[in-house]
Number of protein chains: 2
Amino acid sequence: MQKPSLPKGTRDFGPEQMRKRLFIFDTIRQTFQRFGFQPLETPSMENLSTLTGKYGDEGDQLLFKILNSGDFAAGLTETDLQTGSKKLTPKIAEKGLRYDLTVPFARYVVMNRNALTMPFKRYQMQPVWRADRPQKGRYREFYQCDADVVGTDSLICEAEIVLMIHEVFRNLGIQDFTLKLNNRKILAGIAEVISAPGQEGLLSVAIDKLDKIGKEKVLDELRERGFSETAVANLDPIFTFSNQAPAQVLDQLETWLSTSETAQQGIAELKETLQLVGQYGLSDSQIELDPTLARGLSYYTGAIFEVKANGVSIGSVSGGGRYDNLTGAFGMPGLSGVGISFGVDRIYDVMDELNLFPAGAGQGTQVLIVPFDAEARTVALPLLSKLRTANIASEVYPDLAKVKKMLDFANAKAIPYVVLIGSEEVQTGMLSLKNMITGEQKRATAEEILQLVK
Amino acid sequence: MQKPSLPKGTRDFGPEQMRKRLFIFDTIRQTFQRFGFQPLETPSMENLSTLTGKYGDEGDQLLFKILNSGDFAAGLTETDLQTGSKKLTPKIAEKGLRYDLTVPFARYVVMNRNALTMPFKRYQMQPVWRADRPQKGRYREFYQCDADVVGTDSLICEAEIVLMIHEVFRNLGIQDFTLKLNNRKILAGIAEVISAPGQEGLLSVAIDKLDKIGKEKVLDELRERGFSETAVANLDPIFTFSNQAPAQVLDQLETWLSTSETAQQGIAELKETLQLVGQYGLSDSQIELDPTLARGLSYYTGAIFEVKANGVSIGSVSGGGRYDNLTGAFGMPGLSGVGISFGVDRIYDVMDELNLFPAGAGQGTQVLIVPFDAEARTVALPLLSKLRTANIASEVYPDLAKVKKMLDFANAKAIPYVVLIGSEEVQTGMLSLKNMITGEQKRATAEEILQLVK
């Protein structure tokens with residue numbers, strides 16, 4: 001008999017973890033809904049033709065492919081084998097598992113273009129799968145929680161994302177976070193101004209490592225990648241923006257990047273976004289403008305968002321941005337949108353490490369009823385029904401067992417209240433309520449118990 | 001540019017469908033939790049060694065297998081190809097998608113046997129995948145919502161399942177349903193008494209078709225399967241139980257099956273279950289005792305449950321039973337448990353067909369704010385924040401557009417209230433609130449609007 005095991009990079013979520021995860025999911029879902037985002041779910045499997053070519057070569061490698069059903073090998077020849085795994089794959093697998101929520105969303109929008117009312121705001125909270133090498137904090141199955149609005153380029157959408165981020169993290173109890181904000185056009189403007197126009201991609205990749213390798217090594221990498229000494233020297237102001245208020249950063253950028261029309265447009269967008277955020281009444285925003293923020297860049301064309309929890313060395317817990325061509329790959333060009341993604345697994349780790357879960361979040365059963373014999377059940381079961389009708393999660397110990405065993409059960413499950421019912425209790429109607437945290441025990445009628453544990 | 005499409009047998013769930021589905025999920029989840037069941041989630045992928053051999057040959061065929069990552073074909077030879085798909089599969093795929101929630105649950109229990117407190121009550125609401133031929137009402141990806149308690153054989157658990165079924169369907173608004181109840185031991189007893197001992201499996205398969213093919217053809221099938229004429233004749237009483245109260249059915253079974261000890265035990269179990277249900281205070285239960293109910297039988301050893309919604313020709317919407325050997329296949333024999341599964345997709349179809357979704361269940365955004373110009377936003381955005389703080393799902397039309405277009409947007413999204421804000425409204429502070437259902441429009445302050453739409 002083999003011992004059962006889990007596939008590499010996957011996890012079970014037991015009761016306590018699940019309750020805490022549900023607290024996070026519920027908080028995010030409620031915020032999304034309050035902001036008028038509509039729920040969407042797409043299938044776990046997509047045709048490989050939908051998925052491949054959307055995430056770069058590396059992404060294609062990381063797709064989980066599903067073996068065709070039935071006699072998939074029927075038409076295969078030795079030649080097929082010799083072509084190698086990569087070419088063999090499309091012959092035996094036509095479906096793959098969702099790699100993110102963005103491409104399925106784009107596919108959905110294109111397939112339903114005639115039925116959807118634009119602007120379309122949707123949220124989606126589902127697992128995604130990546131055949132990455134598992135390591136601490138990186139799993140092969142993990143949840144994404146995305147909210148996107150497409151069909152409008154109004155900066156109100158950017159402002160609302162800033163608001164949602166604040167609301168989600170505050171409702172979760174993560175007070176101390178930093179929301180970094182940038183705009184692709186500023187990165188493009190910087191590349192222009194340092195005389196490396198169009199090179200914002202390479203620039204970003206290098207600057208992204210600033211925290212890890214320091215300024216000098218970033219500059220070395222730029223030189224290696226073909227940036228001229230002039231360009232490298234011109235880049236100096238970029239290292240001076242940290243720890244400044246957004247308005248100050250914008251002022252300095254305006255001066256530094258005065259010759260780039262693109263940059264000025266990006267600056268104007270950020271200014272308007274901040275102004276709108278103010279109009280919503282968010283007075284104590286935790287926004288930091290960071291001209292080095294890039295987040296992969298590839299499809300962002302405007303705003304770029306990233307959130308980090310302070311005091312924990314975990315990467316970003318949320319990120320997103322504006323894109324101008326979500327559905328282009330499916331033959332529907334020019335659809336602009338902006339979105340944000342919350343990483344539940346990392347948010348969980350942050351809250352766990354900082355002890356931020358509210359006491360109720362992990363709470364399961366509230367009351368355990370312990371009948372000493374079959375007769376006691378005639379009192380136990382009606383009380384149980386009443387507790388549940390009052391929306392109190394409760395259960396009865398189902399077997400007739402020693403009292404100690406039943407109390408141990410309550411302790412092991414961290415059930416705060418136990419109601420003990422023996423023959424005396426049946427006769428008098430006065431039951432015993434034990435508070436498992438304080439150890440205190442008192443006599444009370446069923447009605448009183450209902451009030452006490454509420 | 002290829003048109004994007006969905007894999008066969010899979011579906012997108014758009015906003016309205018999703019909101020209704022979430023209503024079902026929430027209702028089931030809340031009931032499970034009130035009854036003290038704890039949430040569990042297991043990975044979508046399991047090792048094929050965990051899954052295969054658990055669902056019979058047909059089940060193994062219906063498992064979705066995941067192609068190994070990387071150079072999966074590296075070690076393959078022409079001989080491997082010639083062995084055919086079935087033997088080739090384990091060489092190129094070591095993982096599969098979850099086929100149900102029971103086997104992953106069993107695997108979880110065995111892997112965590114030392115940490116779990118018994119009896120262990122868990123619920124699990126996740127999608128499962130089957131490579132079935134898609135047809136109306138049968139999909140390749142669908143949700144199961146299971147609640148099981150293991151580690152006790154107390155009939156309190158059976159009674160609680162009866163209660164949960166009533167609570168779930170009543171909370172959903174499905175008042176008219178039938179809960180069929182049987183016990184494997186009664187089926188075994190019937191087989192004994194008609195002198196076909198041990199043949200309850202074959203008996204059940206045939207009897208299961210009663211509704212479809214009628215009594216005579218059921219008897220023909222039994223003859224074909226080797227049941228003697230005596231056995232067939234002895235079976236006659238089984239066709240006489242419909243439309244009788246549970247107590248009557250039990251009385252008649254007691255007489256008919258008086259020679260079978262196993263049957264008497266099954267009858268006693270059902271009696272005690274009904275008695276316990278009564279002690280909980282469920283006076284108007286919708287239980288029908290049906291000695292022909294089998295539900296596949298294979299792993300049920302005691303109670304068998306099945307729920308059908310009346311007035312709709314959809315199969316069962318819920319089913320379950322007691323099993324004595326959940327974890328035997330993983331080397332942990334003798335663990336008894338009982339469980340129930342709710343089929344969300346069918347429940348959705350029932351509620352949709354009978355128009356049972358409450359008005360609020362499909363409701364998305366409650367209020368749309370329509371600012372006529374940029375200045376109007378200075379009034380719109382603070383109001384929006386106030387509405388959301390009051391937990392009213394609201395949004396602002398993000399672009400400056402014609403009023404008609406914005407009202408059309410509200411109608412298309414079935415948003416019941418629109419707040420119109422032009423320059424006059426900005427000056428006077430009196431906004432216009434339009435009820436999109438009645439068409440009525442009135443003037444009100446922001447504060448009044450907040451009260452009106454609450």
Side-chain angles (χ1 to χ4, degrees), chain A residues 1-2 4 7 10 12-13 15 18-19 33-34 36 38-39 41-45 47 49-50 64-67 69 71-73 76 78 81 85 88 93 95 107-108 110-111 117 119 131 141 152 154 156-157 279-281 330-331 364-365 378 381-382 385 388 393 395-396 398-399 409 412-413, chain B residues 1-2 4 7 10 12-13 15 18-19 33-34 36 38-45 47 49-50 64-67 69 71-73 76 78 81 85 88 93 95 107-108 110-111 117 119 131 141 152 154 156-157 279-281 330-331 364-365 378 381-382 385 388 393 395 398-399 409 412-413:
Chain A
M1 185 80 51
Q2 109 274 14
T10 69
D12 288 322
F13 297 106
M18 266 308 292
R19 282 192 294 258
Q33 291 187 164
R34 247 191 319 264
Q38 313 294 324
E41 280 190 13
T42 63
S44 302
M45 304 174 195
N47 291 320
S49 56
T50 299
F64 278 111
K65 286 117 190 163
I66 294 163
L67 205 53
S69 308
D71 193 7
F72 65 89
L76 292 185
E78 209 194 336
L81 262 194
S85 295
L88 183 57
K95 292 184 291 292
R107 187 223 9 96
Y108 173 82
V110 171
M111 283 177 68
T117 310
E141 174 176 44
T152 170
S154 166
I156 281 192
C157 305
Q279 286 180 9
Y280 276 94
F330 298 116
T365 298
T378 61
L381 303 188
S385 285
R388 288 170 178 163
E395 51 187 301
V396 58
D399 300 301
F409 174 85
K413 291 186 70 179
Chain B
M1 186 78 53
Q2 111 274 16
T10 69
D12 288 321
F13 298 107
M18 266 308 292
R19 281 192 294 259
Q33 291 187 166
R34 248 192 315 267
Q38 312 295 324
L40 173 71
E41 280 190 14
T42 63
S44 303
M45 305 175 194
N47 291 322
S49 55
T50 299
F64 278 110
K65 285 118 189 160
I66 293 163
L67 204 53
S69 308
D71 193 7
F72 64 88
L76 292 185
E78 209 193 337
L81 262 194
S85 296
L88 183 55
K95 292 183 291 293
R107 191 234 350 108
Y108 173 83
V110 172
M111 282 178 67
T117 311
E141 174 176 43
T152 169
S154 166
I156 281 193
C157 306
Q279 286 180 7
Y280 275 94
F330 298 116
T365 298
T378 60
L381 303 188
S385 285
R388 288 172 178 162
E395 51 187 304
D399 300 300
F409 174 86
K413 292 185 69 176

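So that the names make sense, note that chain A is the first sequence line, chain B the second, and so on, each numbered from 1. Here the structure is a predicted model, which is why all the values come from computation and not from measurement.
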Contact winner vs chain B - [options], heavy-atom pairs under 4.5 Å:
options: A:Ser385, A:Pro398, A:Gly36, A:Ala73; value: A:Pro398
options: A:Met111, A:Arg19, A:Glu41; value: A:Glu41
options: A:Thr365, A:Leu67, A:Thr42; value: A:Leu67

Closest non-hydrogen atom pair between [X] and [Y], with its separation:
X: B:Pro43; Y: A:Asp12; result: CD-OD1, 3.2 Å
X: A:Pro7; Y: B:Met45; result: CG-O, 3.5 Å
X: A:Asp399; Y: B:Ser154; result: OD1-CB, 3.5 Å
X: B:Gln33; Y: A:Ala393; result: O-CB, 3.2 Å
X: A:Pro4; Y: B:Arg107; result: CB-CG, 3.5 Å
X: A:Thr117; Y: B:Lys413; result: CB-CG, 4.4 Å

Proximity breakdown for [X] and chain B, heavy-atom pairs closer than 4.5 Å:
X: A:Glu141; answer: side chain
X: A:Lys95; answer: side chain
X: A:Ile156; answer: side chain
X: A:Ser44; answer: both

TODO: Classify the side-chain pair B:Asp71/A:Ser85 by whether it contains a donor and acceptor separated by less than 3.5 Å.
DONE: yes
Open item on the list: As an exercise: rank B:Arg34, B:Gln38, B:Met18, B:Glu395 by heavy-atom pairs under 4.5 Å with chain A and give me the winner.
Closed with: B:Arg34
- [ ] Between chain A and each of B:Thr10, B:Thr152, B:Thr378, count heavy-atom pairs under 4.5 Å; write down the option with the most.
- [x] B:Thr152
Task: Heavy-atom proximity to chain A below 4.5 Å, by part of B:Leu81 - done: side chain
- [ ] Indicate yes or no: at least one non-hydrogen side-chain atom of B:Pro119 is less than 4.5 angstrom from one of A:Phe409.
- [x] yes
TODO: Decide yes or no for B:Arg388 and A:Tyr280: does some side-chain heavy atom of the first lie under 4.5 Å from some side-chain heavy atom of the second?
DONE: yes
